[in-house]
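Counting starts at 1 for both ligands and their atoms, following the listed order. Index from 1, following the sequence.
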Amino acid sequence: MRDCLFCKIINKEVPSEIIYEDDLCIAFKDINPRARVHLLIVPRKHIPTIADLEEGDEALMGHLIGVAKKLAEKNECKSYQLLFNVGREAGQIIFHVHLHLMGN
Ligand code: 5GP
Ligand code: ZN
């Protein structure tokens, strides 16, 4: 998707601190961390918001949660938050679905 920052990060057109990649998703450090560990887990597929999910995307979304769990373990997070902001009023600023992992 043209003009999508996270698509550009996925395509390595914009630099980021990538810490995990597989066929379905990528995870990188949030540029403005709000926790000791603040990672964004992002599907390679451009989906603007959770509200745009279609039938067939369930496995992909489950995969993001599984990756978040593993990254939380790897980073020794004792407890953590997993968050999707959905819509501008809820604080979403990047319209490419991303799961926030925030842990201490
Ligand atoms: P949202 O508010 O859309 O749920 O979250 C977007 C997140 O992306 C924010 O926490 C923000 O700090 C992060 N972010 C915005 N621009 C960049 C960037 O260029 N690089 C990285 N790594 N994170 C970004
Ligand atoms: Zn995108």
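Separating the CD1 atom in Ile19 from the CD1 atom in Ile26 is a distance of 10.0 Å, to the nearest 0.5 Å. Expressed to the nearest 0.5 Å, how far NZ of Lys29 lies from OG of Ser16 amounts to 11.0 Å. For the atom pair OH of Tyr20 and CG of Leu39, the computed distance is 12.5 Å after rounding to the nearest 0.5 Å.
Protein N, O or S atom count below 2.8 Å of the Zn ion (ligand 2): the structure gives 4.
Ligand 1 has an N or O atom lying under 3.5 Å from an N or O atom of Arg34, backbone or side chain. Between Phe28 and ligand 1, a contact under 3.5 Å exists for no N or O pair.
The side chain of Phe6, and not its backbone, has at least one atom closer than 4.0 Å to an atom of ligand 1 (non-hydrogen atoms only; side chain from C-beta on). Counting heavy atoms closer than 4.0 Å to ligand 1, residue Leu83 contributes nothing at all.
When only non-hydrogen protein atoms are considered, atom 16 (N) of ligand 1 lies nearest to Leu5 CD2, 3.5 Å. Of all protein heavy atoms, the one closest to atom 22 (N) of ligand 1 is Lys29 O, 2.9 Å. Atom 3 (O) of ligand 1 has its closest protein heavy atom at Ile93 N, 2.7 Å. Scanning all protein heavy atoms for the shortest distance to atom 6 (C) of ligand 1 gives His98 NE2, 3.5 Å.
For the ligand labelled ligand 1, residue His100 lies inside the 4.0 Å heavy-atom shell.
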Kindly list each side-chain donor-acceptor pair under 3.5 angstrom involving residues 76-92, sequence neighbours excluded, with atom names and distances?
from	atom 1	to	atom 2	distance (Å)
Gln92	OE1	Gly87	N	2.8
Gln92	NE2	Pro48	O	3.0
Gln92	NE2	Ile94	O	2.9

Pairs of donor and acceptor atoms involving the side chains of residues 54-64, under 3.5 Å and at least two apart or interchain, shall be tabulated with distances.
from	atom 1	to	atom 2	distance (Å)
Asp57	OD1	Lys45	NZ	2.6
Asp57	OD2	Glu54	N	2.8
Glu58	OE1	Gly56	N	2.9
His63	NE2	Asp22	OD2	2.7

Inset, instruction - Report the C-alpha separation of Val42 and Phe28 in whole Å, then their side-chain angles, then the decisive distance to 0.1 Å, and conclude whether the side chain to side chain contact (heavy atoms under 4.5 Å, CB included) test is met. - result: CA-CA 8 Å; Val42 184; Phe28 51 88; 3.6 Å; yes

Inset, instruction - Output, in order, the C-alpha distance, side-chain angles, deciding distance and verdict of side chain to side chain contact (heavy atoms under 4.5 Å, CB included) for Leu40 and Leu99. - result: CA-CA 6 Å; Leu40 302 173; Leu99 176 58; over 6 Å; no

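Between Met102 and Val37, the closest side-chain pair of non-hydrogen atoms is not below 4.5 Å. When side chains are defined from C-beta on, His96 does not count as touching Lys8, because their heavy atoms never get closer than 4.5 Å.
Close approach of ligand 1 to Asn32 is summarised as follows: ligand atoms under 4.0 Å from at least one heavy atom of the residue are 12 (O). Heavy-atom proximity to Asn85, at under 4.0 Å, picks out these atoms of ligand 1: 1 (P), 2 (O), 4 (O).
Among Asp30, Val14, Ile31, the residue whose heavy atom lies closest to atom 20 (N) of ligand 1 is Ile31. Nearest to atom 2 (O) of ligand 1 by heavy atom, out of Ser16, Gly91, Gly87, is Gly91.
Looking at every heavy atom in both residues, Ile18 comes nearest to Lys12 through CD1-CE, 3.3 Å.
When the side chains of ILVMFWY residues are joined at heavy-atom separations under 4.5 Å, either directly or via intervening members, Val97 and Ile31 end up in two distinct hydrophobic clusters.
Residues passing the ring pair (Phe, Tyr, Trp, His ring centres under 6.0 Å) test with His100 are His38, His98, sequence neighbours excluded.
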